[in-house]
Amino acid sequence: MEHYNFSEIEKKWQKQWLETRLYEPSFSNAKQPFYNLMMFPYPSAEGLHVGNMYAFVGADIYGRAKRMQGHNVFEPIGLDGFGIHSENYALKIGAHPMDQSKVSQENFYRQLSMIGNGFAWEERLETYDPAYYRWTQWVFTQLWKRGLAYRKRQSVNWCPSCKTVLADEQVVGGKCERCGTIVERRDLEQWFLRITEYAPRLLANLDVIDWSERVKIAQRNWIGKSEGARIRFSVVGGQLSVTHLEVFTTRPDTLFGATFMVVSPELAKSWMDAGRSGSDESSGSKRWQASEEVRAYVTDAIARRATADPEAPTQDKTGIDSGIRAVNPATHEEIPVWVSDYVLAGYGTGAIMAVPAHDGRDFEFAKKYQLPVRMVVCPHYPAPSCPVLDHAYEDAGHLVDSGRFDGMDSETAKWAIAEFVHGTRETQYRLRDWLISRQRYWGVPIPMIHCEACEQAGRGEWKEMPGWYAVPDADLPVVLPHIKEFRPKGTGESPLATMKEFYEATCPSCGGAARRETDVSDTFLDSAWYYIGYLGRINDKRRTTPTLRETEVGAPTGSVGADNPFLNLLIQKWLPVNLYTGGAEHSVLHLLYVRFLSLALHDMKLLEFGPSSAPKGEPFPKFRAHGLLIKEGAKMSKSKGNVVNPDEYIRKYGADALRMYLMFLAPFEQGGDFRDEAVMGVVRFLERVWRLCTTNDKQQTTNDKRIERLVHKTVKKVTDDIETLGYNTAISALMILLNEMERSTDKLTTLNLQTFLKLLAPFAPHITEELWSRMNQQPTTDNQQQEFKSIHTESWPAYDPALLVEETATIVVQVNGKARGTFTAPRGADQAAIEALARAEANVVRHLTGPPKRIVFVPDQLINFVL
RNA sequence: GCCCGGGUGCUGAAAUUGGUAAACAGAGGGGACUCAAAAUCCCCUGACCGCAAGGUCUUGUCGGUUCAAGUCCGACCCCGGGCACCA
């Protein structure tokens with residue numbers, strides 16, 4: 001008997017699939033397009049990680065089943081190769097990122113082609129390819145033209161180790177997402193994308209899209225919607241250049257209990273600095289004359305904020321009375337204005353009304369500085385007295401000590417009081433604009449030009465940003481040059497700022513000498529549109545044989561001209577993506593950015609998807625987060641040295657075995673622990689499949705009805721489980737079927753064997769292809785080649801629901817709820833018949849010591865005698 | 001502190017949504033085949049009592065609802081992940 005030579009078989013079919021372009025969909029003729037997208041990898045490390053393979057295989061199985069179910073499946077792959085992760089890896093091994101990218105690319109593609117996925121290789125892309133990033137830059141300039149990209153000076157996150165600024169989303173628990181260094185604050189002028197403008201829609205659409213719940217929750221929390229009111233407090237006696245202080249509060253109902261105000265050190269500093277610049281001076285505003293103590297506190301608090309260690313035990317709140325007084329608009333009392341580090345500059349107005357009785361933080365602060373605490377919401381009303389507080393009471397209740405609002409429930413009082421003091425309703429979001437500048441080398445140059453002369457003259461594309469111009473479309477891409485000194489400098493500028501040939505430019509407006517922006521953009525901008533890139537015409541140059549696509553692509557439907565790769569019939573036909581699969585760690589990074597950009601491009605009429613169940617412009621109506629693959633209870637990481645390289649397992653056991661093992665160990669959405677010994681289970685399974693199919697030599701030819709029933713049951717189970725990504729139980733059902741087929745003494749019918757192979761095909765594509773081809777081999781008289789008919793384009797088996805119903809049922813007999821025996825009975829037997837059979841069981845007789853008070857009967861399942 | 005997951009044999013896990021807990025595997029033990037080993041095949045394996053028939057206990061802990069609870073309700077403990085002075 002020929003043994004199962006997986007390595008030969010796998011190589012053979014991978015070659016055949018590629019040559020016959022089995023996984024290249026016919027883009028324009030597809031009747032049922034199915035875009036099966038998985039997050040493309042960062043080729044940053046030593047090679048493909050088994051965790052990547054886990055994710056890709058899980059997605060591929062779904063796509064393969066869909067293909068067999070009659071869909072035209074498009075499963076693209078590419079590399080997210082620009083950015084800090086790739087650059088840091090190059091730095092670590094002492095290579096130049098541009099040279100290293102070629103090495104990584106080759107290695108990744110080699111590994112990716114071994115795992116047996118049905119990738120459409122001809123559409124692959126790499127984000128560092130100028131043909132690709134030309135469009136990343138184009139997207140940026142479009143956002144700029146619509147006012148969604150802007151440059152602003154503000155306090156930003158700075159990673160001292162990566163020597164660049166970071167977006168809020170890339171700061172995890174106060175540390176750099178990439179290297180774990182504590183992030184500092186720096187005041188810098190940077191490029192931002194106005195994602196906050198989309199906060200309401202990004203939030204609202206979450207209710208309608210079909211995504212893993214945990215990811216939706218993470219996005220909701222990150223966007224952080226709060227509804228409240230903006231309330232004005234007047235400042236006493238012209239101490240400040242401003243006459244009013246505004247606060248945002250979600251609890252206007254507690255206004256009568258606001259006994260002081262607190263402003264952030266940054267806001268206080270802006271008062272001290274007011275009038276320092278020329279324009280303010282001329283408008284006659286005067287600078288705040290703060291005391292020395294207050295000045296010292298403000299300076300110190302801002303400095304401390306810049307380097308605070310988030311891991312340190314929560315620092316004690318500090319603060320100082322500014323000397324300024326304001327008026328509570330409800331009580332008309334004069335209250336002090338304090339400066340404290342517990343108030344954030346970047347949220348709301350940077351100032352708060354403090355209600356110590358009903359806010360934990362204000363309470364703590366009031367206790368420390370002996371400020372008055374006045375209770376205005378009482379939990380039990382009407383009551384003679386409110387409880388004495390030892391902590392803030394933050395729940396709802398009824399108002400007390402609040403003038404004419406006494407007795408009102410706090411929920412109603414919110415808007416009544418807000419209205420009473422002429423406050424306005426306001427919704428605040430926690431989400432902040434996306435900071436995309438990076439002071440690094442290995443990324444997409446931000447395609448902007450700054451002209452000093454134009455700035456002096458007040459000219460520019462936007463009044464607010466004089467001197468700035470987008471690089472004209474015709475001049476894109478701004479190519480990233482190969483420079484020797486690519487290391488980050490830490491000066492707040494990219495290494496490109498040292499390269500004269502790069503930064504010297506001509507002003508697109510006045511034609512004078514100008515300077516090119518030298519920062520590069522965040523990698524997440526590259527990956528925010530790659531799923532469109534696979535369908536665009538951006539990488540046609542790579543294709544050696546022209547595909548139908550050049551002629552297939554319809555005329556652009558928008559007004560931006562044929563050059564816009566985002567508007568064409570293919571995109572309308574194939575987008576939005578049918579299923580997107582990836583890691584939950586991207587919940588508030590990639591998965592948020594990509595939604596934002598798609599919505600924005602739709603609003604700008606630069607992108608148009610086809611019909612979808614999701615709101616217009618949502619790129620991924622269905623997203624599933626896979627679980628994390630760990631090793632011995634710990635996350636795989638290079639520093640722990642427990643990263644599993646799939647290569648050696650594929651060499652040892654084959655891609656099919658590794659695929660099946662990865663999918664068998666736990667539910668796909670849960671993730672699991674990789675243990676080498678456990679691989680043997682599926683290795684044995686595949687060998688038994690091989691043996692069964694190559695030596696079906698049982699003698700009897702009678703058709704085994706039992707096997708046929710089980711086959712139908714398995715078809716249903718596997719079909720349903722694939723739909724819910726329950727691959728582990730689908731595989732277990734296939735194992736049960738194999739066990740029974742082996743055990744059967746009857747010769748197995750070809751149909752049953754074929755059905756079994758088809759069900760197994762998405763999981764183990766190579767072995768099933770080989771066995772399928774053998775099974776369908778026609779005896780040929782001459783050497784003529786047989787036409788290649790892949791199992792992967794065969795139709796998915798159907799099941800007969802009538803065969804799923806067993807003829808008999810196993811009935812459990814209970815006495816007082818305890819199982820005392822089982823017996824089989826004809827399906828559908830009535831209670832009287834079952835009761836008679838049950839009473840005949842010896843063990844039941846023993847326990848039926850008296851007449852039952854009650855008999856519970858569940859047809860075909862159970863009978864319970866209750867004594 | 002808040003928000004998500006999760007807690008079931010030696011291990012990974014399963015359980016048609018309230019109806020025989022532990023399917024399918026791994027590991028371990030025993031046996032067959034073999035000069036021997038590997039591979040393969042068969043049997044056993046939640047705990048305790050019992051020769052057996054059978055019984056008692058068992059899904060993180062405690063309590064509740066129910067004829068019946070891994071599943072529902074309440075309180076708590078532990079593990080993993082996310083957010084963290086967001087007013």
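Protein chains get the first letters and strands the later ones, always in sequence-line order, with residue 1 at the start of each.
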A/W434/A/Y593 under ring-ring contact (aromatic ring centres under 6.0 Å, His included): CA gap, chis, key distance, verdict: CA-CA 8 Å; A/W434 176 12; A/Y593 298 144; 3.7 Å; yes
Side chain to side chain contact (heavy atoms under 4.5 Å, CB included) between A/S226 and A/Y347, intermediate numbers included: CA-CA 11 Å; A/S226 297; A/Y347 184 80; 3.4 Å; yes
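Close to B/A14, at under 4.0 Å from its OP1 or OP2, lies a side-chain N or O of A/N728. Contact check, A/N843 against B/G55: a side-chain N or O comes under 4.0 Å of OP1 or OP2. Distances shown here put every side-chain N or O of A/R820 at or beyond 4.0 Å from the OP1 or OP2 atom of B/U20. Contact check, A/R846 against B/G54: no side-chain N or O comes under 4.0 Å of OP1 or OP2. The side chain of A/H847 contributes no N or O atom lying less than 4.0 Å from OP1 or OP2 of B/G54. The side chain of A/R854 contributes an N or O atom lying less than 4.0 Å from OP1 or OP2 of B/C67. For B/C57, the OP1/OP2 oxygens have a side-chain nitrogen or oxygen of A/K818 closer than 4.0 Å. In this model, the phosphate group of B/A23 is not approached by any side-chain N or O of A/T729 to a distance below 4.0 Å at OP1 or OP2. The phosphate of B/A27 has OP1 or OP2 within less than 4.0 Å of a side-chain N or O from A/R684. The side chain of A/Q670 contributes an N or O atom lying less than 4.0 Å from OP1 or OP2 of B/A13.
Atom CG in A/D721 sits about 13 Å away from atom C1' in B/A15, given to the nearest Å. A/D673 has its CG atom 13 Å from the C1' atom of B/G80, to the nearest Å.
For A/P667, whose side chain is taken as the heavy atoms from C-beta onward, the closest listed nucleotide among B/A13, B/G12, B/A87 is B/A13. The side chain of A/N864 has B/A68 as its nearest neighbour among B/C3, B/A68, B/C4. For A/Y342, whose side chain is taken as the heavy atoms from C-beta onward, the closest listed nucleotide among B/C85, B/A23, B/A27 is B/C85. Candidate nucleotides B/C83, B/G12, B/A87 were compared by shortest atom distance to the side chain of A/V172, and B/C83 ranks first. Residue A/V343 has its side chain nearest to B/A87 when only B/A87, B/C24, B/C83 are considered.
The partner of B/U66 is absent, by the rule that a Watson-Crick or G-U pair needs both atom distances under 3.5 Å. Pair assignment for B/A75 gives B/U61, based on Watson-Crick or G-U wobble hydrogen-bonding distances that are each under 3.5 Å. For B/U8, there is no paired base (Watson-Crick or G-U wobble, both distances below 3.5 Å). Pairing for B/A13 is absent, judged as Watson-Crick or G-U wobble with the two contacts each under 3.5 Å. Both distances falling under 3.5 Å, in either a Watson-Crick or a G-U wobble arrangement, place B/C41 opposite B/G31.
Here A/R688 lies in heavy-atom contact (under 4.0 Å) with sugar-phosphate atoms only. Within the nucleic acid shown, A/L862 comes within 4.0 Å of at least one base atom, counting heavy atoms only. At the heavy-atom level, A/R214 lies under 4.0 Å from the strands shown only through sugar-phosphate atoms. Across all strands shown, A/I352 has heavy atoms under 4.0 Å from base atoms, whether or not it also approaches the sugar-phosphate. Residue A/A678 is in sugar-phosphate contact alone, with no base atom involved, counting any heavy-atom pair closer than 4.0 Å across all strands shown. Residue contacts shown for A/T249 are limited to sugar-phosphate atoms, with no base heavy atom under 4.0 Å away. Contacts of A/S587 with the nucleic acid, taken as non-hydrogen atoms under 4.0 Å apart, are absent. The residue A/K853 sits apart from the nucleic acid: no heavy atom pair falls under 4.0 Å.
Side chain of A/D253 to backbone of A/A413: no donor-acceptor contact under 3.5 angstrom is found. A/D341 places no side-chain N or O within 3.5 Å of a backbone atom of A/R305 that could act as its donor or acceptor partner.
When the P atom is used for both B/C41 and B/U56, the distance is 38 Å, rounded to whole Å. Comparing the C1' positions of B/C77 and B/G63 gives an interatomic distance of 15 Å, to the nearest angstrom. Nucleotides B/U59 and B/A13 have their C1' atoms positioned 13 Å apart, rounded to a whole Å. Rounded to the nearest Å, the gap between the P atom of B/A22 and that of B/A14 is 15 Å. The gap from the P atom of B/C73 to that of B/U65 amounts to 15 Å, rounded to the nearest Å. A distance of about 15 Å separates the C1' atoms of B/G60 and B/G9, rounded to the whole Å. Comparing B/A23 with B/G74, their C1' atoms sit 32 Å apart, to the nearest whole Å. Between B/C83 and B/C76, the two P atoms lie 26 Å apart (nearest whole Å).
Counting atom types as modelled, A/K317 pairs a side-chain N or O with a base atom of B/C85 as donor and acceptor under 3.5 Å.
For B/U17, the base is syn relative to its sugar; the glycosidic angle is within 90° of 0.
Side-chain atoms of A/S155 and A/R185 form a donor-acceptor pair, as typed in the model, at a separation below 3.5 Å. Side-chain contact annotation: A/T694 with A/Y4, donor-acceptor N/O pair under 3.5 Å absent.
Screening A/T196, A/V588, A/L202 for a side chain to side chain contact (heavy atoms under 4.5 Å, CB included) involving A/I223 leaves a single residue, A/L202.
Two residues, A/S226 and A/M735, neighbour RNA chain B, and the one matched to the more 5' nucleotide by heavy-atom proximity is A/M735.
When the shell of 6.0 Å around NZ of A/K368 is examined, it contains more than 12 heavy atoms from other residues, nucleotides or ligands.
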